[in-house]
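Structure first, then comments.
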Number of protein chains: 2
Amino acid sequence: MNYETLLKQHQLKITPQRIGILNMMHSAGHITIENLFEEIKKQFSSISLATLYKNINSMLDSSLITEVKAPNYKTHYEITKTPHAHFVCTSCGEHKDVEFDMSNLCKNLVDESTYEVAKTSVIVSGLCPDCK
Amino acid sequence: MNYETLLKQHQLKITPQRIGILNMMHSAGHITIENLFEEIKKQFSSISLATLYKNINSMLDSSLITEVKAPNYKTHYEITKTPHAHFVCTSCGEHKDVEFDMSNLCKNLVDESTYEVAKTSVIVSGLCPDCK
DNA sequence: AAGTCAAATAAGAATAATTATCTTTTAAGA
DNA sequence: TCTTAAAAGATAATTATTCTTATTTGACTT
């Protein structure tokens, strides 16, 4: 699916800046605000940091993107995909997606008759294969 | 165990401010920097915010405390306990500990022959029993 | 118990990160 | 096309965090 229709589905206006942000985010996999700004400036030299923040926030509000907040690392952003876990390498800092069935996890976590589970975030840190 | 020996174990100097911070953190369970500062000022009216930040950082470095970074919420801090998961209520904002066996989870998550897992963070959000 | 020293504190300056304000521009529907 | 609400850009304001310097204090030694 392309980003135009994705934005439309989330009732967000289609702008070149937003397309650019989503492209960067997609090719990086996960990216911080500051890296995103660096990259996006290459394409839109006059883009304002405020525009970036505002777009990040509106895309977060609509759940088009997701924030990944790993302990000891800056927040990374990714395009929302099917639920999965993250692995963060303490050596190279890389954030990697890890396939994982969240719904199964929740059954073991809290009593779903008393809690109403909405989202689950699983972040594992350690050494990735390259750094081990 | 009291906080003096806990600090000593982590090779941190015992100061009244640090004892106070740990007391607040313990009674709150999980607390943000700003709430911690509000509370601690009642006890140490002249405490500096820089002191709070520096202590939080040194206690994080030594793993005496742990940061809990839930999506959409400010970072909360807690005294490091045995590994457990967290539940964050999207209605009242409460952070609650949830018993959970992390080591078991990891076995299903990544191939431990290629990855070296150090820590795991599991944060579930939704409605707590009181808000459901 | 007094002396020493590295580390911690306080105060405030400096820097970084995020949000708000205001004007201009633009996407999208009539 | 025209219209309008929303988005972009510029920059100010706010908030969060770190740094600097002088002073104080905890912990260790004698």
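Quick caveat: nothing in here was measured; it's all calculated off a predicted structure. Each chain gets a letter, A, B and so on, in the order the sequences are listed, and its residues count up from 1. Below, each value reflects all heavy atoms present in this structure, side chains not excepted, and no hydrogens, waters or symmetry copies.
One finds a side-chain N or O of A:S46 lying less than 4.0 angstrom from the OP1 or OP2 phosphate oxygen of D:dG9. Between B:K54 and D:dC19 there is no side-chain N or O to OP1 or OP2 distance below 4.0 Å. Within the structure, every side-chain polar atom (N or O) of B:Y53 is placed at least 4.0 Å from both OP1 and OP2 of D:dT18. Between C:dT9 and B:N55, a contact under 4.0 Å exists linking OP1 or OP2 to a side-chain N or O. The side chain of B:T51 contributes no N or O atom lying less than 4.0 Å from OP1 or OP2 of C:dA8.
Each of A:H76, A:H86, A:H84 was evaluated against A:H30; a single residue qualifies, A:H86, per the ring pair (Phe, Tyr, Trp, His ring centres under 6.0 Å) test.
One can place OH of A:Y77 at 11 Å from C1' of C:dA17, the figure rounded to the nearest angstrom. As a whole-Å value, the separation of A:I47 CD1 from D:dA7 P is 14 Å. Straight-line distance from the NE2 atom of A:H10 to the C1' atom of D:dA7: 18 Å, rounded to whole Å. Going from atom CD of A:Q43 over to atom C1' of D:dA8 covers 15 Å, rounded to whole Å. Remark: P of C:dA10 and CZ of B:F37 are 9 Å apart, rounded to the nearest angstrom. Across the protein-nucleic acid pair, B:I33 atom CD1 and C:dA16 atom P stand 19 Å apart, rounded to whole Å. When rounded to the nearest whole Å, the span between CD1 of B:I56 and C1' of D:dA16 equals 14 Å. In this entry the distance linking CD of A:E4 with C1' of C:dT26 reads 16 Å, nearest Å.
Remark: side-chain polar atoms of A:T114 are not paired, donor with acceptor, to backbone N or O of B:P129 under 3.5 angstrom. Distance alone, capped at 3.5 Å, places no donor-acceptor pair between the B:T120 side chain and the A:V124 backbone. For B:N2 (side chain) and B:T5 (main-chain N/O), a donor-acceptor pair under 3.5 Å exists by modelled atom type. For B:K132 (side chain) and B:G126 (main-chain N/O), no donor-acceptor pair under 3.5 Å exists by modelled atom type.
The residue A:Q17 sits close only to the backbone: its heavy atoms come under 4.0 Å of sugar-phosphate atoms, none of a base. Residue contacts for B:L49: at a heavy-atom cut-off of 4.0 Å it reaches a base atom on one of the strands shown.
Proximity note for A:N57 (side chain, C-beta onward) versus C:dA10, C:dT19, D:dA10: the nearest is C:dT19. Among the nucleotides C:dT9, D:dA10, D:dC19, the one closest to any side-chain atom of A:A50 is D:dA10.
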Atom pairs, N/O to N/O, protein against nucleotides 26-30 of chain D, distance under 3.5 Å?
{"unit_1": "D:dG26", "atom_1": "O3'", "unit_2": "B:I14", "atom_2": "O", "d": "3.1"}
{"unit_1": "D:dA27", "atom_1": "OP1", "unit_2": "B:I14", "atom_2": "N", "d": "3.0"}

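Transitive grouping of hydrophobic side chains (ILVMFWY, heavy atoms separated by less than 4.5 Å) brings B:Y53 and B:L7 into a common cluster.
In this structure, B:K81 pairs ionically with B:E78, as a charged nitrogen and a carboxylate oxygen lie closer than 4.0 Å.
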